[in-house]
Amino acid sequence: MTNTQAEQAAAARRAEEGTAVEAGSKATERFTASGKLAKLEVPKERVSLLAGAAIKAINDIAVEHQVTYEEYNALKAWLIKVGTDGEWPLFLDVWLEHTIEDVNSKDRPGAASTIEGPYYVPGAPVLQTPATLEMREDEEGTPFLLKGRFTDTAGNPIQDAQVEIWHADAAGYYSQYAPGLPEWLFRATVKADENGYFEINTKRPAPYQIPTDGACGQLIAAAGWHAWRPAHIHIKVSAPGYQLVTQQLYFPGDPHNEDDIASAVKPELMLEPKPRADGGEGEEAVYDYVLAKEGEHK
Ligand code: MBD
Ligand code: FE
């Protein structure tokens, strides 16, 4: 499928189901159920510093741009809707997480990282390399083989490394967030071999439009922006004693690599797909991971 065809297919499915906002609000349900809410402790000094700075920044904007009561009330109504639509995780992951991620990864050597986004599900089925992700019969999309190797920052192979992988289908839908998909479709935990090599067979995901029928979509429409992310594969790589890396991999030539709504594309995350070396159908790409030991920094 071309990107345009995939975009049309995704739009058609969405129009038919009218449930895109479900995906956004499921991320809220999951975050709430994960127990993360109970564990978060931020010292009083940091709360005062950060909340104070945020409030000041917004007040400065109101002065600089002479915000009217019409605009103030539109903001109030919209903020209420973000909550009732359950789209706070979506909003934050799209428009803020990239900065949080940059701040927190700048001292870590090794593989490039980027945002997790709202659709990670821990505990995906464990597969040994060479692995094939769960798919439906006659799953659409170009077959895609991702392979690579884990080494430490000195170039030694890493044992017991794993790749957690999750991505959308060829219509841009994520399992467990869109209705009607198998639970673990395009989600797995793949164990590398004793020399750090891994191979994962899957299908190329489609470009992805964030849900357009909730508060985030309303903002995008009201501002005249677009809702697209380039096609991407989400990954978490880890090994005992090493620092976890969360990232996404992208495909050259995607029309949204330069204007990702989530600002999460980096040149180091670009794949170089080639025809399969074994003559099989589809493409393959090599992506090697250098992991930093716990406590290791630049
Ligand atoms: C996604 O799939 C995604 O990766 C991000 C960052 C935001 C919304 C949907
Ligand atoms: Fe995604």
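First listed ligand is number 1; within each ligand, the first listed atom is number 1.
A salt bridge links K56 with D60: at least one charged nitrogen is closer than 4.0 Å to a carboxylate oxygen. Here K26 does not pair with E29 in a salt bridge; the nearest charged N to carboxylate O distance is not below 4.0 Å. A salt bridge links D260 and R229; the closest N-O separation between the charged side-chain nitrogens and carboxylate oxygens is under 4.0 Å.
Within the coordination shell of the Fe ion (ligand 2), defined by N, O or S atoms under 2.8 Å, H167 is absent. Not a single N/O/S atom of Y208, whether from backbone or side chain, sits less than 2.8 Å from the Fe ion (ligand 2).
In terms of protein heavy atoms, atom 1 (C) of ligand 1 is closest to Y208 CE2, 3.8 Å.
Between the side chains of E199 and Y197, no donor-acceptor pair of N or O atoms lies under 3.5 Å. A donor atom on one side chain and an acceptor atom on the other are found under 3.5 Å apart for K191 and Q162. Side-chain atoms of E283 and T142 form no donor-acceptor pair, as typed in the model, at a separation below 3.5 Å.
Ligand 1 has a nitrogen or oxygen under 3.5 angstrom from a nitrogen or oxygen of H232. Among the atoms of R229, some N or O lies under 3.5 angstrom from an N or O of ligand 1. Between H234 and ligand 1, an N or O atom pair is found at a separation short of 3.5 Å.
The angle that H234 NE2 and H232 NE2 make at the Fe ion (ligand 2), rounded to 10°, works out to 90°.
Between atom 6 (C) of ligand 1 and the options I115, D260, L92, the minimum heavy-atom separation is to I115. Relative to atom 7 (C) of ligand 1, the option among P118, P89, S263, A27 with the closest non-hydrogen atom is P118.
With a 4.0 Å cut-off on non-hydrogen atoms, A168 does not touch ligand 1 at all.
Proximity to Y174 (heavy-atom distance under 4.0 Å) selects the following atoms of ligand 1: 2 (O). With ligand atoms numbered from 1 in the order given, ligand 1 contributes 7 (C) to contacts under 4.0 Å with heavy atoms of V94. Close approach of ligand 1 to G117 is summarised as follows: ligand atoms under 4.0 Å from at least one heavy atom of the residue are 6 (C). Those atoms of ligand 1 that come under 4.0 Å of a heavy atom in I210, given as number and element, are 8 (C). Taking every non-hydrogen atom of L90 and a distance limit under 4.0 Å, the qualifying atoms of ligand 1 come out as 8 (C).
In this structure, P143 and N201 have side chains that are not in contact, with every pair of non-hydrogen atoms separated by 4.5 Å or more.
Between the side chain of D169 and the backbone N or O of Y173, at least one donor-acceptor pair lies under 3.5 Å.
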| message | Checking D254 against R204 for the salt bridge (Lys or Arg N to Asp or Glu O under 4.0 Å) test, could you report, in this order, the C-alpha distance in whole Å, the side-chain angles of both residues, the deciding distance, and whether it holds? | response | CA-CA 12 Å; D254 190 294; R204 262 179 87 141; over 6 Å; no
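Two rings, from W78 and F91, have their centers less than 6.0 Å apart.
Contact between A264 and ligand 1 is absent, with no heavy atom of the residue lying under 4.0 Å from the ligand. Not close to ligand 1: E97, with no non-hydrogen atom less than 4.0 angstrom away.
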Donor-acceptor list for residues 285-293 side chains, cut-off 3.5 Å, not counting sequence neighbours:
{"from": "Y287", "atom 1": "OH", "to": "E268", "atom 2": "O", "distance (Å)": "2.7"}
{"from": "D288", "atom 1": "OD1", "to": "R149", "atom 2": "N", "distance (Å)": "2.9"}
{"from": "Y289", "atom 1": "OH", "to": "Q247", "atom 2": "OE1", "distance (Å)": "2.6"}

